[in-house]
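Quick notes on the structure that follows.
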Amino acid sequence: MKNDFSTNESWSLKMDEVDDLKRFKERFYLIEDAIYMDGNSLGLMSVDAENSLLRVVKEWKTLGINGWMGGDTPWFYYPEMLAGRLAGLIGAEKDEVMVHSSTTVNLHLLLATFYRPEGKRTKILMDNLTFPSDRYAVESFMKTKGYNPEDHLVIFESADGKTLDENAISEAMNEEIAVILLPSVLYRSGQLLDMKSLTEKAHEKGILIGFDCAHSIGAVPHRFKEYGPDFAFWCNYKYVNNGPGGTGGFYINRRHFDREVGLAGWYGVEKEKQFDLENEFHQNHSAGGWQIGTSHMLSMAPLEGSLKLYEEAGALRLRDKSLKLTAYMMFLIEELLSPYGFSIATPKEEKRRGGHVALEHEDAVRINEALKEKGVVPDFRPPNIIRLAPVPLYTSYHDVWKVVSKVKEIYEKGEYKNYDKKRGTVA
Ligand SMILES: *Cc1c(COP(=O)(O)O)cnc(C)c1O
């Protein structure tokens, strides 16, 4: 495949003609006169997502409180229905997944269950490249347990500032570590970690391990039944296109269903007993037991339509196209941009990369601004990375060609020099 790539525009048009996923682009609201490369931050709205949201809005309008049992899918069972379908994207069992709250809040509630320092095992192992919100959550949570992060948080430092070496991480696993928390895909470089081997190594050492899958769910199909991590969590508003701030999700391996919930609430009670409103907490022994309060119906309704697209397109076919799009993009970057000081921070091997390409340049801030002006929607991540995500549901090969050509033009004509070296408030 790789050898087929060409820098000719006509090659990209030919690829689009034979792309059997191209029809999905029509199901999305594309932004006028723009090439959207930011689906790894906020996915676009699909007609399907809009429809499921509008249906739930209408149910509220016409049914009032009766929507809880009378909606198209009764609202009372709606998160279970969505979670069962979302489970397909990570290869988990239906009852191991829940659609609930937001990424960072879900991390807190998972820590409350899985971080139980005892004896010598008091430490949490993380890495220095992870999305900082996870670090804030872990440090603050540790303090509530009376542990000082300076002594009990172990940070694995990346050797090159971009990627993490799984073997070196394994060497940091010792009998003082209680929990390991790692990203599945690094938000900056786009490196995909080997979750299977990391989980195996952690378990050999008697350590619990969880993954932040915000940058992989919907982009990389996982096989959690095979990897067997203890827990995971993610947001659904990136590749899964559930809308801004849309409800996130978490996974709890069924071997932990009998663990006591750390942050309990009435939505974690067995479904049939919930409305008995007893003072005693009868824990639902599935991922549903970790829910805290009433489902955010309007923030999860778009997920229903969005998941339809995944089911129709097939997660493996989407991954296949995504890998081709990112490989093609990296080919064009190397051919057309490397003479101008551009490089790629994303690993080249297929099994080591997620859904986006991290383009590096010392003038990345200004080039990113110039790109926006030219109708591309990328994003910038300090200190020197422009992230470009060709999303297989709505990005064409021609889009990729155009984006790289625009970067080249911006550099050759010096257009970026008209911009400040300062990033926007939301980059
Ligand atoms: C986007 C992202 C988050 C976002 O957290 P929220 O609580 O949803 O705002 C967390 N972790 C990672 C790795 C992310 O990429």
Side-chain angles (χ1 to χ4, degrees), residues 37-44 82 86 89-90 97-112 124-141 155-156 158 162-164 169 179-193 195 198 209-220 222 229 231-251 263 290-293 296 298-300 302-303 306 345-346 353-358 377-382 385-389 391 425-427:
M37 285 282 144
D38 213 6
N40 58 326
S41 256
L42 177 65
L44 290 178
L82 293 175
L86 201 55
L89 297 184
I90 57 167
V97 174
M98 192 35 65
V99 175
H100 182 266
S101 194
S102 58
T103 326
T104 313
V105 176
N106 286 337
L107 171 54
H108 274 284
L109 75 85
L110 291 163
L111 287 169
I124 296 182
L125 173 64
M126 297 177 77
D127 66 276
N128 69 325
L129 300 180
T130 209
F131 191 70
S133 192
D134 293 11
R135 177 99 169 241
Y136 308 150
V138 167
E139 291 193 7
S140 69
F141 188 80
I155 299 296
F156 176 85
S158 155
K162 300 172 200 176
T163 56
L164 299 170
I169 294 176
V179 175
I180 298 170
L181 178 64
L182 291 167
S184 51
V185 167
L186 283 167
Y187 78 101
R188 231 183 329 222
S189 70
Q191 180 196 0
L192 168 63
L193 296 191
M195 291 191 272
L198 286 163
I209 185 163
F211 293 96
D212 180 338
C213 294
H215 267 279
S216 63
I217 188 153
V220 183
H222 299 318
F231 63 92
F233 58 99
W234 57 83
C235 47
N236 290 312
Y237 51 76
K238 290 171 177 161
Y239 292 100
V240 194
N241 309 316
N242 182 36
T247 312
F250 60 79
Y251 156 91
L263 286 184
W290 275 261
Q291 293 172 96
I292 298 175
H296 303 172
L298 300 180
S299 301
M300 58 174 80
L303 190 55
S306 186
T346 311
R353 67 181 203 266
H356 75 266
V357 172
V377 185
D379 66 22
F380 166 76
R381 287 293 175 266
I385 284 182
I386 299 170
R387 297 189 308 179
L388 299 167
V391 172
T425 307
V426 174

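We're numbering straight along the sequence, starting at 1. Counting starts at 1 for both ligands and their atoms, following the listed order.
Residue-level proximity to ligand 1 for V105 is absent, since no heavy atom of it falls below 4.0 angstrom.
Counting atoms of ligand 1 from 1 in the listed order, those under 4.0 Å from a heavy atom of D134 are 11 (N). Each of the following atoms of ligand 1 lies closer than 4.0 Å to a heavy atom of H215: 15 (O). Ligand 1 places these atoms under 4.0 Å from at least one heavy atom of A214: 2 (C), 12 (C), 13 (C), 14 (C), 15 (O).
The side chain to side chain donor-acceptor pair (under 3.5 Å) check on T130 picks up nothing, with sequence neighbours excluded. R387 is linked by a salt bridge (charged side-chain N to carboxylate O under 4.0 Å, His left out) to D379, counting only residues two or more places apart in sequence or in another chain.
Taking atom 15 (O) of ligand 1 as the reference point, the nearest protein heavy-atom neighbour is K238 NZ, 2.5 Å. Shortest contact from atom 7 (O) of ligand 1 to any protein heavy atom: T104 OG1, 2.7 Å. The protein heavy-atom contact nearest to atom 11 (N) of ligand 1 is D212 OD2, 2.8 Å.
In terms of N/O distances under 3.5 Å, ligand 1 is approached by T103. Distances between N or O atoms of S133 and those of ligand 1 include no value under 3.5 Å.
One finds the OG1 atom of T163 at 11.0 Å from the CG atom of D127 (value rounded to the nearest 0.5 Å). Here L111 contributes atom CG and N106 contributes atom CG; the two are 11.0 Å apart, rounded to the nearest 0.5 Å. One finds the CG atom of N242 at 8.5 Å from the CE atom of M300 (value rounded to the nearest 0.5 Å).
A side-chain contact (heavy atoms from CB on, under 4.5 Å) with L125 holds for exactly one of I209, I180, L182; it is I180.
Within the structure, the closest approach of Y237 to ligand 1 falls below 4.0 Å when heavy atoms are considered.
Between H100 and F250, the ring-plane angle classifies as perpendicular under the 30° and 60° cut-offs.
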